[in-house]
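So you know, we letter chains A, B, ... as the sequences are listed, proteins then strands, and number each from 1.
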2 protein chains.
Amino acid sequence: MSVETAAPRITIAEAGKHVGETVSIPGWLYNLRRSGKICFPQLRDGTGVIQCVAVKSNLPEETFEALKNLTQESSLIVTGKLREESRAPGGYELDVEQAHIVQRVPEDDPYPITPKEHGTDFLMDHRHLWIRSRRQHAILRVRAEVIRAIRDYFDSNGFVLVDTPIFTPAACEGTTTLFEVDYFEDQKVYLTQSGQLYNEATAMAFGKTYCFGPTFRAEKSKTRRHLTEFWMVEPEMTYADLDDVKKVAEEMIVFCVRRVLDNRRAELKELDRDVSKLEAIQAPFHRMSYDDAVVKLQAKGSEIQWGGDFGNADETLLTEDLDRPVMVDRFPTGIKAFYFETDPNRPEVALGVDVIAPEGYGEIIGGGQRAHSLDVLLKRLEEHNLPKEAFDWYLDLRKYGAVPHGGFGMGVERFTAWMCGTEHIRETIAFPRMLYRTRP
Amino acid sequence: MSVETAAPRITIAEAGKHVGETVSIPGWLYNLRRSGKICFPQLRDGTGVIQCVAVKSNLPEETFEALKNLTQESSLIVTGKLREESRAPGGYELDVEQAHIVQRVPEDDPYPITPKEHGTDFLMDHRHLWIRSRRQHAILRVRAEVIRAIRDYFDSNGFVLVDTPIFTPAACEGTTTLFEVDYFEDQKVYLTQSGQLYNEATAMAFGKTYCFGPTFRAEKSKTRRHLTEFWMVEPEMTYADLDDVKKVAEEMIVFCVRRVLDNRRAELKELDRDVSKLEAIQAPFHRMSYDDAVVKLQAKGSEIQWGGDFGNADETLLTEDLDRPVMVDRFPTGIKAFYFETDPNRPEVALGVDVIAPEGYGEIIGGGQRAHSLDVLLKRLEEHNLPKEAFDWYLDLRKYGAVPHGGFGMGVERFTAWMCGTEHIRETIAFPRMLYRTRP
């Protein structure tokens with residue numbers, strides 16, 4: 001980097017490789033303890049936090065005074081020798097030789113987030129600063145790891161990334177949960193709720209594909225599980241059936257959990273996450289039919305009846321005695337979208353599967369096998385009162401080389417919330433968008 | 001996979017590992033040659049194309065007849081023994097022992113895309129099928145490789161992926177090129193044009209970050225370089241200046257070009273891409289000031305005057321004698337956004353840089369160093385007639401630990417078009433969205 005430093009520039013994460021050397025670390029003041037002729041500025045630089053030791057007698061007076069009176073989140077470049085220090089949080093300390101204050105946060109307009117407790121609205125209003133705190137930092141790093149793991153899994157298993165469009169022309173499944181956009185010349189388009197229909201086209205071209213991008217739901221839900229804008233990965237496979245969908249879902253989840261455990265141990269510790277719960281996530285997952293799930297739920301006191309969808313409470317009940325996810329399949333056709341394949345032996349159930357995470361994190365994956373017969377799909381569109389013209393291109397996929405195929409969708413933020421053990425999904429994305437939240 | 005096959009199931013890409021074995025390959029009929037008692041169905045499965053050899057005397061009559069009369073894009077599973085065949089396009093052939101037709105495309109409603117020439121509108125209307133063709137296949141695979149390379153570059157160079165929001169509250173730089181969305185209760189939000197302002201917040205938290213997602217421009221441009229929806233990667237670095245921005249841009253481009261050359265050679269060949277042009281893309285790139293670029297352009301006959309922005313023709317002129325990209329920096333402040341840092345020695349120029357690709361592909365990167373003084377930014381907002389309140393959170397970044405920082409944005413589709421040597425950007429994304437195109 002070209003910004004001038006007094007000694008070779010390193011990051012805090014690299015400290016271990018430079019013990020005994022004099023280095024410069026640019027960063028921000030995270031915390032400060034003082035004790036007469038010595039002060040301990042804690043520096044953060046985005047890669048970690050390191051304790052610095054500034055001794056009055058070793059420094060020019062103005063440097064020591066500047067450090068001693070420095071305000072939280074002021075930017076500065078610290079230069080000094082690195083030392084191993086087993087009692088320090090990161091394992092190293094820096095003995096300050098020079099300090100260059102880049103910008104001092106003024107006393108009369110101090111950094112608004114202090115160690116005292118703040119309300120959620122206040123923190124959300126200051127989300128652009130809140131993300132500097134250790135906890136938010138840890139969550140967002142886990143999120144980045146999850147995304148990387150998902151991509152690595154699909155890229156190394158023969159799935160081709162093909163991004164599906166955000167602007168979609170027709171309101172395919174009713175407009176109630178779609179955001180409308182003013183396109184050119186009074187045209188209306190809608191923001192995608194799922195790339196699946198397009199994935200079916202790309203899978204017929206590439207065999208196995210996935211899309212991975214933001215997805216939008218105009219649901220007037222204000223729960224701890226809802227965002228209006230969230231990221232979703234959706235794989236789709238041809239010459240595949242419900243069992244393949246389950247197998248890939250299971251493998252991908254195990255792969256991602258493992259990667260988080262391998263690479264984000266420190267962050268999980270920061271979050272006080274009980275990692276034993278994550279270590280338990282191994283194949284095979286529990287498998288259960290919808291029929292059996294209803295019986296189990298009723299036995300546990302739920303009022304669910306055959307034909308109804310699970311509520312959040314049902315999903316929690318269903319997994320409360322389980323150490324790993326449960327894959328529930330064969331749902332009533334009536335509660336599933338028009339494009340599901342039905343069980344050839346039981347036309348009243350759809351070949352769909354939900355993967356429900358333990359610890360109350362609910363449905364993290366929904367998917368299944370798609371109807372691949374043209375006649376069946378035409379009948380379904382009629383039953384669901386959907387305009388055939390809007391699906392012309394989709395029906396083409398059944399006219400020109402139809403094959404059994406299926407896939408699923410997984411929301412990144414719900415998965416991240418599960419990994420982190422966070423109560424509310426809003427902390428799992430940098431700038432959450434919710435019913436009453438579109439800022440900053 | 002659980003779909004039943006007569007022999008072990010493989011993909012065409014795996015053929016080389018199974019020579020001499022009897023295997024099953026599920027796919028689609030790509031092409032068919034007939035010659036009396038023998039026929040040659042070419043099978044595609046998304047991983048490649050393989051020629052099969054069906055000999056009448058070796059097959060049950062109905063199998064041979066079915067294959068001989070099979071229609072384009074019918075789906076089928078072929079079983080037979082694999083053989084090396086140096087004259088075959090992929091290097092292998094399959095001697096058919098069994099064939100299971102999954103869905104036969106009817107003669108009276110044949111696959112609409114035939115080997116004859118089709119107009120662009122027709123192909124775009126059938127984009128869901130067009131992506132099955134070899135050329136489109138190759139382009140989209142290069143695109144996936146580019147995306148993977150970009151992510152690998154940033155992930156392995158200390159940048160943390162932090163996704164920035166698609167819904168943005170205010171029309172930050174005027175509403176003329178923004179898409180408006182009906183949010184809840186008569187609120188309006190806008191679709192992001194760039195994650196940069198948010199990136200500046202996340203970079204202050206993580207040191208170095210990047211965002212990578214779809215971006216929207218409501219420009220009424222109908223050129224071969226414009227999409228209304230495209231994907232953009234935007235890195236942002238703290239304690240960094242214009243030189244750092246240029247260095248990372250150069251490194252990233254060289255890394256991505258190398259990866260495409262290493263991993264997508266076959267696709268480039270399919271596209272008749274002159275790979276020597278890509279092999280020439282090495283550091284250091286050409287570097288040139290805006291001042292010198294104007295002089296060079298005028299000498300070449302352009303009517304550009306100091307103070308004006310480059311047109312497409314200028315960008316092409318500027319690189320026509322160059323074998324690698326040129327990085328032009330220090331643009332007139334007047335043609336750059338409010339957030340650019342100015343040159344301390346020359347307040348009339350902004351510390352911005354454009355990277356212009358050779359071969360007429362134009363600007364592929366725009367970026368620079370950001371103004372980091374609160375006073376400067378406040379003055380700029382006034383000069384640009386922008387509402388201060390909308391930028392309150394952004395100004396906070398200059399109050400609480402301001403540091404020199406910068407970054408850039410690169411559009412994936414333009415970069416892919418350059419790699420592939422395609423004339424029009426519309427082929428570089430699966431379902432392009434343009435002024436008059438929102439379907440399929």
Worked verdict on B/Arg398 versus B/Asp375 for salt bridge (Lys or Arg N to Asp or Glu O under 4.0 Å): CA-CA 9 Å; B/Arg398 275 68 182 177; B/Asp375 295 340; over 6 Å; no
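- Your options are A/Thr202, A/Ile429, A/Leu435, A/Leu140, and the one with the most heavy-atom pairs under 4.5 Å with chain B is A/Leu435.
- Between the side chains of A/Tyr394 and A/Glu200, a donor-acceptor pair is found at a separation under 3.5 Å.
- Looking at A/Tyr183, both its backbone and its side chain come within 4.5 Å of chain B, counting heavy atoms on both sides.
- At a 4.5 Å heavy-atom cutoff, A/Leu29 makes no contact with chain B through either its backbone or its side chain.
- Counting heavy-atom pairs under 4.5 Å between each of B/Lys220, B/Glu145, B/Arg127, B/Gln136 and chain A puts B/Lys220 at the top.
- For B/Phe431 and B/Trp130, the gap between ring centers reaches or exceeds 6.0 Å.
- Between A/Phe184 and B/Phe179, the gap from one ring centroid to the other is short of 6.0 Å.
- When each of A/Pro110, A/Gly158, A/Ser133 is scored by its heavy-atom pairs under 4.5 Å with chain B, the top score falls to A/Pro110.
- Checking side-chain atoms of B/Thr228 against main-chain N and O of B/Ala218 turns up no donor-acceptor pair under 3.5 Å.
- Between chain A and the residues B/Thr47, B/Thr11, B/Asp396, B/Asp45, the most heavy-atom pairs under 4.5 angstrom are made by B/Asp396.
- Of the listed residues B/Ala144, B/Gly27, B/Pro432, B/Pro404, the one with more heavy-atom pairs under 4.5 angstrom with chain A than any other is B/Gly27.
- A/Phe159 and A/Tyr210 have their aromatic ring centers separated by at least 6.0 angstrom.
- In this structure, the portion of B/Gln187 lying under 4.5 Å from any heavy atom of chain A is its side chain and not its backbone.
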Working for side-chain contact (heavy atoms from CB on, under 4.5 Å), residues B/Arg143 and A/Asp163: CA-CA 10 Å; B/Arg143 182 181 193 277; A/Asp163 293 308; 2.6 Å; yes
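- Proximity to chain B (any heavy atom under 4.5 Å) is restricted, for A/Glu185, to the side chain, taken from C-beta onward.
- For B/Arg433, the parts lying near chain A are the backbone and the side chain together; criterion is any non-hydrogen pair under 4.5 Å.
- Side-chain atoms of A/Gln369 come within 3.5 Å of backbone N or O of A/Leu242 as a donor-acceptor pair.
- For chain A, the option among B/Asp152, B/Leu76, B/Asp109, B/Val102 with the highest count of heavy-atom pairs below 4.5 Å is B/Asp109.
- Heavy atoms of A/Val160 lying under 4.5 Å from chain B belong exclusively to its side chain.
- Using a 4.5 Å cut-off on side-chain heavy atoms (C-beta onward), A/Thr416 and A/Trp231 make no contact.
- Most heavy-atom pairs under 4.5 Å with chain B, from the set A/Gly213, A/Ala13, A/Gly207, A/Pro440: that is A/Pro440.
- Looking at heavy atoms from C-beta onward, B/Arg104 lies in side-chain contact with B/Leu70 at the 4.5 angstrom threshold.
- Ranked by heavy-atom pairs under 4.5 Å with chain B, the list A/Pro112, A/Gly401, A/Ala430, A/Ala201 is led by A/Gly401.
- No part of B/Ile101 comes within reach of chain A, as not one of its non-hydrogen atoms sits under 4.5 angstrom from that chain.
- Within the 4.5 angstrom heavy-atom criterion, only backbone atoms of B/Ala203 (N, CA, C, O) approach chain A.
- With a threshold of 4.5 angstrom between heavy atoms, A/Gln72 does not approach chain B through any atom at all.
- Neither the backbone nor the side chain of B/Glu14 comes within less than 4.5 Å of any heavy atom in chain A.
- Residue A/Asp392 does not touch chain B at all, counting heavy-atom pairs closer than 4.5 Å.
- When the candidates A/Asp125, A/Thr209, A/Ile77 are compared by the number of heavy-atom contacts under 4.5 Å with chain B, A/Ile77 comes out ahead.
- Using modelled atom types, one finds no donor on one side chain facing an acceptor on the other under 3.5 Å when comparing A/Tyr239 with A/Asp244.
- By the 4.5 Å heavy-atom criterion applied to side chains, B/Val162 and B/Tyr198 are not counted as neighbours.
- Proximity to chain A (any heavy atom under 4.5 Å) is shown, for B/Arg134, by neither the backbone nor the side chain.
- Contacts with chain B were tallied for A/Glu73, A/Arg141, A/Arg148; A/Arg148 has the most, counting heavy-atom pairs under 4.5 Å.
- Residues A/Ile166 and B/Phe216 form a side-chain contact, since some pair of their non-hydrogen atoms from C-beta on lies under 4.5 Å apart.
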